Amino acid sequence: MITEHKGARHPGLVQLITPDGERVSHPEYDPWVQDVGDDQLVGLYTDMVIVRRIDTEATALQRQGELALWPPLLGQEAAQVGSARVVRTEDFIFSSYRENGVAWCRGVELPDIIRMWRGNAASGWDPYTVNMAAPQIIIGAQTLHATGYAMGIQFDGADTAAITYFGDGATSQGDVNEALVFAASFQVPVVFFCQNNHWAISEPVALQAHTRIADRAPGFGIPSMQVDGNDVLAVMAATRIAMDRARRGGGPTFIEAVTYRMGPHTTADDPTRYRDPNELEDWAAKDPLKRVKALLERKGLLTDQLLDEVEGKANDVARQLRKACVEMPDPAPSDVFRHVYSTPNTWLDRQEEHYSRYLASLGDPAAANQAEGATR
Amino acid sequence: MITEHKGARHPGLVQLITPDGERVSHPEYDPWVQDVGDDQLVGLYTDMVIVRRIDTEATALQRQGELALWPPLLGQEAAQVGSARVVRTEDFIFSSYRENGVAWCRGVELPDIIRMWRGNAASGWDPYTVNMAAPQIIIGAQTLHATGYAMGIQFDGADTAAITYFGDGATSQGDVNEALVFAASFQVPVVFFCQNNHWAISEPVALQAHTRIADRAPGFGIPSMQVDGNDVLAVMAATRIAMDRARRGGGPTFIEAVTYRMGPHTTADDPTRYRDPNELEDWAAKDPLKRVKALLERKGLLTDQLLDEVEGKANDVARQLRKACVEMPDPAPSDVFRHVYSTPNTWLDRQEEHYSRYLASLGDPAAANQAEGATR
Amino acid sequence: MTTMTFGAAINAGLRKSLENDPKVVLMGEDIGTLGGVFRITDGLQKDFGKHRVIDTPLAESGIMGTAVGLAYRGYRPVVEIQFDGFIYPAFDQIVCQVAKMHYRTRGAVTLPITIRVPFGGGIGSPEHHSESPEAYFTHTSGLRVVSVSNPQDAYTMVQQAISCNDPVLFFEPKRRYHDKGEVDLGIDPASAPDMGSAAVATPGTDVTLVTYGPLVKTARDAALAAADDGISIEVIDLRSLSPVDYSTVEASVRKTGRLVITHEAGQSGGVGAEVAASITERCFHYLESAPVRVTGFDIPYPYSKLEMHHLPDLDRILDGVDRALNRPNSLSGLEG
Amino acid sequence: MTTMTFGAAINAGLRKSLENDPKVVLMGEDIGTLGGVFRITDGLQKDFGKHRVIDTPLAESGIMGTAVGLAYRGYRPVVEIQFDGFIYPAFDQIVCQVAKMHYRTRGAVTLPITIRVPFGGGIGSPEHHSESPEAYFTHTSGLRVVSVSNPQDAYTMVQQAISCNDPVLFFEPKRRYHDKGEVDLGIDPASAPDMGSAAVATPGTDVTLVTYGPLVKTARDAALAAADDGISIEVIDLRSLSPVDYSTVEASVRKTGRLVITHEAGQSGGVGAEVAASITERCFHYLESAPVRVTGFDIPYPYSKLEMHHLPDLDRILDGVDRALNRPNSLSGLEG
Ligand SMILES: Cc1ncc(C[n+]2csc(CCOP(=O)(O)OP(=O)(O)O)c2C)c(N)n1
Ligand SMILES: Cc1ncc(C[n+]2csc(CCOP(=O)(O)OP(=O)(O)O)c2C)c(N)n1
Ligand SMILES: [Mg+2]
Ligand SMILES: [Mg+2]
């Protein structure tokens with residue numbers, strides 16, 4: 001027999017809360033969450049409830065024609081809240097399109113969360129006000145941006161880090177693998193946070209990865225961890241370990257958070273065409289929200305008062321979201337020409353001038369004014 | 001301490017012949033070369049001498065202005081000859097630009113080896129006559145072609161395999177990593193043969209890979225081997241193991257052949273600008289040709305007659321190569337329009353007609369004839 | 001004749017190709033079990049199996065590169081790019097490999113690859129889902145580029161593209177997928193008009209209106225509307241964008257003396273620029289006015305609340321027609 | 001004034017930019033120790049360090065994507081693409097990220113990235129080393145595209161490109177790297193003619209000859225030769241390809257009534273198509289003949305023994321000039 005290097009040994013999935021809400025100890029990960037007291041636990045629970053409520057409300061808004069599209073994160077609340085809550089303000093986040101839970105934790109304003117999904121903008125917020133980049137739709141592209149940003153952190157000698165979110169499907173893209181190469185070569189402070197939610201639209205994770213996703217990074221010289229992505233504490237611990245290493249100059253880390261997309265890919269998707277309903281049921285039993293709720297219950301913290309309070313908060317957020325959505329003003333026609341360049345552009349200025357004349361010729365008074373005024 | 005998956009354990013570099021020419025035994029690899037008797041050893045030696053002679057001659061031809069460019073393989077003879085000699089006729093090879101030793105073993109005609117380097121064609125040979133694709137200049141692109149070809153082998157139920165050659169630098173490209181993903185997902189009969197010659201033009205391998213290159217593939221679920229690429233027997237054994245596994249439906253394998261580019265990147269390169277001469281010296285001591293020669297000597301096979309014979313053969317090849325080069329007819333101007341499409345194309349036909357009229361207007365009689373005749 | 005949607009017509013054409021040639025394989029993201037995000041490949045994996053209709057990993061360069069390898073082995077891959085905006089990761093493999101392999105190997109290797117691209121806007125999608133990248137490919141020698149505008153052409157031309165020995169970019173106007181039309185499923189693609197030829201979609205005498213893909217319907221509607229004003233527009237559906245069938249366009253412009261070109265892609269360097277330049281070269285003395293381009297603006301495709309401003313519509317096209325006819329129009333009085 | 005090669009002038013411009021702004025970083029393959037395969041960055045890593053002049057792994061998408069991240073962090077990356085033909089793996093990052101980020105974020109994020117591309121043929125190289133991909137980028141909104149034709153412009157414009165807040169594709173005619181010229185190193189790029197403006201390289205009155213990059217020299221030589229025949233050619237060096245400074249071109253064509261455009265890139269959908277279409281639109285009534293394009297053929301760039309047939313040279317340009325002037329030329333007698 002030929003002894004060959006066939007794959008990596010791994011310590012297995014890290015879990016700190018069982019699906020039944022039992023807190024299990026893990027000597028290596030426990031220290032990283034030992035400061036998480038009852039208040040913080042309640043805070044995490046509250047965040048997760050709100051994030052799920054935002055998701056439900058946005059889905060409803062889409063069904064009612066108020067949003068053009070929405071990518072539900074149902075089932076991924078622990079992965080997003082657990083990680084985002086330990087990213088510091090000065091750190092920078094590069095995410096994909098599904099990280100609305102991360103955006104919430106980051107303090108993104110409610111209208112900004114839905115702006116692009118309503119079709120009112122190509123992205124929702126100013127990245128520099130929340131240190132979170134515009135959501136990325138091109139699968140995997142943002143992992144390189146995070147790596148480049150982390151190169152900048154390194155050049156600046158800053159003690160912050162970048163973290164990038166991407167899916168299991170994204171791991172097949174060249175860009176993600178090139179990001180691992182650059183991150184490893186330059187040993188920059190970046191954390192690769194992969195939410196393995198088991199699906200890339202209709203494609204199961206097995207089509208993208210022949211082995212554990214967490215095994216990928218060590219082949220590039222990047223340490224990795226595989227954590228239960230539905231366990232908010234495990235996610236927190238892993239993210240802290242990784243961010244801490246990055247900030248201390250220890251280079252990149254890869255985290256695979258094993259979770260499950262319980263809803264459709266987007267509101268335009270119909271998972272009944274490709275998904276075994278039993279699989280969904282299995283994962284419903286591991287629901288991240290149920291789990292932290294059970295933990296709170298075991299700890300005697302799940303009072304009616306708390307439940308009411310949290311529900312009230314979530315409903316408030318939902319109401320604000322809905323209001324922000326339906327009241328969002330439409331963009332002006334001339335916005336179509338804005339921000340293509342930061343410097344004047346003769347070609348585009350001419351097109352804008354012609355178009356405003358055209359609108360004026362249709363008898364649109366607003367446009368007529370514009371046609372006479374300045375073009376920029 | 002956090003136990004994490006930091007990298008893969010590996011059995012280390014496989015070697016069957018020491019730099020001094022001692023045959024060392026290796027229980028797992030030996031069986032794969034036990035059929036290699038004295039004759040075959042002499043054959044391998046002969047190939048390596050010829051391949052080096054082709055290289056020297058082509059370099060001289062370039063210096064004399066007969067070739068536009070040449071990418072020397074000096075130092076990589078064992079990696080190329082050892083692997084190519086165990087690829088069967090029915091298997092298919094997808095290489096980069098430096099595998100002229102592979103082309104030689106494949107039976108590519110001498111003029112075809114230099115055709116593109118003289119500027120007389122974009123590639124040298126008909127891939128289907130030797131089952132070796134046109135050399136690839138875009139770094140890494142051919143690894144996907146090999147993987148796709150292997151998908152075809154699988155669909156056909158054939159018991160052949162594809163093998164692709166690429167460099168250490170190429171491992172940074174997205175395409176190579178995507179090839180690993182596809183090969184692993186579909187478990188197709190393809191062998192990834194990486195010649196780690198320590199340099200990508202002026203960039204050392206450490207810039208491309210933070211860990212052993214052989215560690216990369218297991219993270220994709222692909223078994224890998226690291227062999228001494230200057231040891232022709234070790235290379236043969238590893239390639240046989242991999243090709244055999246592929247043919248038997250065992251899926252892809254990755255081989256890192258650790259070797260050294262002793263010459264410049266191409267004849268246009270000046271390695272003194274970036275390379276420590278001591279490093280070159282170290283590797284000269286591990287020269288693949290010296291090594292097999294020393295082995296032959298230990299076996300008492302290195303007679304003066306053999307040396308003369310091999311030198312004679314190599315000189316013959318060199319003479320033929322030179323003759324083929326200087327006598328190669330120039331292409332016709334109208335060749336510029338050939339083979340862009342396999343079907344007629346009105347745009348291009350018009351451009352050809354106009355150009356032949358133009359040439360005719362300059363008073364070129366050949367062109368004038370053409371302008372009057374058919375355009376295709 | 002059968003009434004069917006545009007999407008169903010492509011599905012039927014793909015099915016025919018899969019039936020007729022065992023070397024035809026379909027590849028793409030989500031094209032198997034799901035039948036594609038637009039359901040164009042619906043049911044095909046079920047009927048032809050996983051080796052004929054292949055769900056691939058999520059990597060466009062990987063899909064294109066393995067398609068090259070399959071073609072090297074004698075297969076005829078039909079690649080689906082999920083949305084126009086996701087073709088760019090495959091750009092290198094398309095431009096350097098797919099387009100050049102035949103030239104590189106002096107004809108020894110043909111790559112009969114069809115690249116299906118749902119393209120264009122008008123469906124209210126977010127960024128990267130509404131692009132018109134066709135000009136990148138018409139500027140790439142070695143490729144053929146076609147775009148279909150109606151179910152019958154979709155059915156016939158997809159089969160012609162698949163049986164063509166050259167690589168073909170096949171642009172499908174996604175906002176027309178649900179449009180219905182009559183399709184003759186019994187048609188023999190080999191005897192139908194070649195995909196390289198343009199078609200006169202609406203005959204006319206006063207002005208030539210050239211377009212392709214999603215705007216053919218809009219252009220024909222414009223011709224109908226103009227007829228009420230006594231203006232006779234000849235609408236030409238280019239069908240083939242590379243090469244353009246200039247003989248058909250030339251014949252029309254020699255008759256009308258006026259040319260308008262409309263497409264969704266941005267103006268600068270778009271297909272319209274090439275058509276305007278080539279027709280001016282070929283018909284200079286027949287032209288009574290400068291060729292007019294009515295196109296998308298030179299902007300990234302806008303968010304959906306603004307896309308109707310970007311996309312040429314019936315009124316903007318008619319304004320362009322007025323310009324070509326030197327009738328009063330939105331730019332009247334502006335010099336140049 | 002200092003006499004220096006084109007390559008040395010770019011090197012000097014890069015050095016100035018590195019000196020003036022600590023946020024400027026150079027990235028690329030082999031640009032450090034080696035100084036680039038063309039030695040354009042020679043000595044810069046030694047003088048500015050490994051964090052300012054970065055040898056990157058061999059992955060163009062990786063280089064471009066990390067440049068985006070660096071720009072996000074406030075840096076001004078100057079990326080070297082080793083050869084024109086190797087820009088395609090970075091195409092997705094350029095088209096979807098570099099070009100669109102400013103629009104996407106409504107101006108919140110600027111990406112002042114300069115992408116240096118040695119381009120064009122004439123140096124006897126194998127495949128992928130002689131391409132002219134500029135039209136892909138002039139068709140991409142959100143990018144600025146310039147090309148330099150002489151050492152002085154190279155020195156000045158590379159600094160202007162680097163200080164521009166929009167991303168700039170900077171095309172360097174590699175076959176001119178060794179050409180020498182006078183360079184005023186003391187020039188202040190901010191007060192020099194803007195890189196967006198075209199320049200009249202040779203004044204003339206009979207015909208306007210528009211070009212850029214490597215062919216400016218050829219065009220000027222053609223003008224000299226034509227002068228002997230009593231033909232006065234006005235050569236315009238576009239300098240900026242996106243946007244084109246049409247006011248300069250228009251002014252010339254209004255004067256001459258004739259237009260010839262020449263470039264190495266293939267004809268279909270090249271920059272020449274856009275210039276021909278736009279000038280026809282703007283100057284239709286001034287044109288006495290159809291704009292003529294003298295360009296590379298619509299073929300993959302040929303192997304080096306044939307490249308002189310592909311590349312427009314002085315004679316072919318003059319033949320095009322004759323066509324524009326309705327003088328006897330190679331196509332005389334052909335209709336259309
Ligand atoms: C380059 C590119 N190709 C294809 C798509 C279409 N697409 C959007 S989401 C998606 C699946 C992504 O799966 P994964 O990375 O697992 O993320 P998830 O959606 O599960 O969060 C695909 C194929 C895209 N957005 N970008
Ligand atoms: C996509 C691409 N980028 C850049 C180049 C330029 N280039 C040619 S060879 C080379 C180095 C390749 O190194 P490696 O893969 O180790 O192969 P080796 O030359 O050592 O055989 C580079 C950067 C190229 N040919 N293709
Ligand atoms: Mg997923
Ligand atoms: Mg190498």
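The structure displayed is predicted, hence computed values, not measured ones. Scope of the values below: all heavy atoms of this structure, side chains included, with no hydrogens, waters or symmetry mates.
Checked by atom type, the side-chain pair C/Glu172/C/Tyr177 shows a donor-acceptor distance below 3.5 Å. Side-chain polar atoms of C/Gln267 and C/Asp298 form no donor-acceptor pair below 3.5 angstrom.
Comment: C/Arg52 does not engage C/Asp47 in a salt bridge, judged by the lack of any side-chain N to carboxylate O separation of less than 4.0 angstrom. For the pair A/Glu279 and A/Arg275, the salt-bridge criterion is not met [side-chain N within less than 4.0 Å of a carboxylate O]. Ion pairing of A/Arg212 with A/Glu256 is absent here, as no side-chain N (NZ or NE/NH1/NH2) approaches a carboxylate O to less than 4.0 Å. For A/Glu352 and A/Arg338, the salt-bridge test passes: some basic side-chain N is under 4.0 Å from an acidic carboxylate O.
The interface of residues 316-330 of chain C with chain A, defined by heavy-atom distances below 4.5 Å, comprises C/Arg316, C/Asp319, C/Ser330. Proximity to chain A among residues 32-40 of chain C is limited to C/Thr33, C/Leu34, C/Val37, C/Arg39, judged by heavy-atom separations below 4.5 angstrom.
Other residues, nucleotides and ligands contribute over 12 non-hydrogen atoms within 6.0 Å of the NE2 atom of C/His51.
With a 4.5 Å cut-off on non-hydrogen atoms, C/His128 touches chain A through its side chain but not through its backbone. Contact annotation for C/Glu60: both backbone and side-chain heavy atoms come within less than 4.5 Å of a heavy atom of chain A. Contacts of A/Ala170 with chain C are made by backbone atoms alone, with heavy-atom separations under 4.5 Å and no side-chain atom involved. For A/Ile201, the parts lying near chain C are the backbone and the side chain together; criterion is any non-hydrogen pair under 4.5 Å. Using a 4.5 Å cut-off between heavy atoms, A/Ala141 makes no contact with chain C at all. Contacts of A/Asn120 with chain C are made by both backbone and side-chain atoms, with heavy-atom separations under 4.5 Å.
Among the candidates C/Asp55, C/Asp315, C/Leu306, the residue making the largest number of heavy-atom pairs closer than 4.5 Å to chain A is C/Leu306. Contact tally against chain A (heavy-atom pairs below 4.5 Å) for C/Pro89, C/Ser268, C/Ser332, C/Gly85: the top residue is C/Ser268. Chain C forms the most heavy-atom pairs under 4.5 Å with one residue out of A/Leu207, A/Leu69, A/Ile139, A/Asp270, and that residue is A/Leu207. Among the candidates A/Ile138, A/Val340, A/Thr171, A/Asp175, the residue making the largest number of heavy-atom pairs closer than 4.5 Å to chain C is A/Ile138.
Looking at C/Pro312 and C/Thr218, their side chains never come closer than 4.5 Å, going by heavy atoms from C-beta outward. With a 4.5 Å cut-off on side-chain heavy atoms, A/Trp125 and A/Met132 count as touching.
A perpendicular orientation is assigned to the rings of C/Phe86 and C/Phe83, their planes being inclined by more than 60° (bins at 30° and 60°). Between A/Phe192 and A/Phe254, the two ring planes are parallel [angle under 30°; tilted spans 30° to 60°].
Shown here are the side chain to side chain contact (heavy atoms under 4.5 Å, CB included) partners of C/Asn11, two or more places apart in sequence or in another chain: C/Arg15, C/Asp42, C/Leu44. Looking at residues two or more places apart in sequence or on another chain, you find no salt bridge (charged side-chain N to carboxylate O under 4.0 Å, His left out) involving C/Glu134.
How far CH2 of A/Trp70 is from OG1 of A/Thr266: 11.5 Å, rounded to the nearest 0.5 Å.
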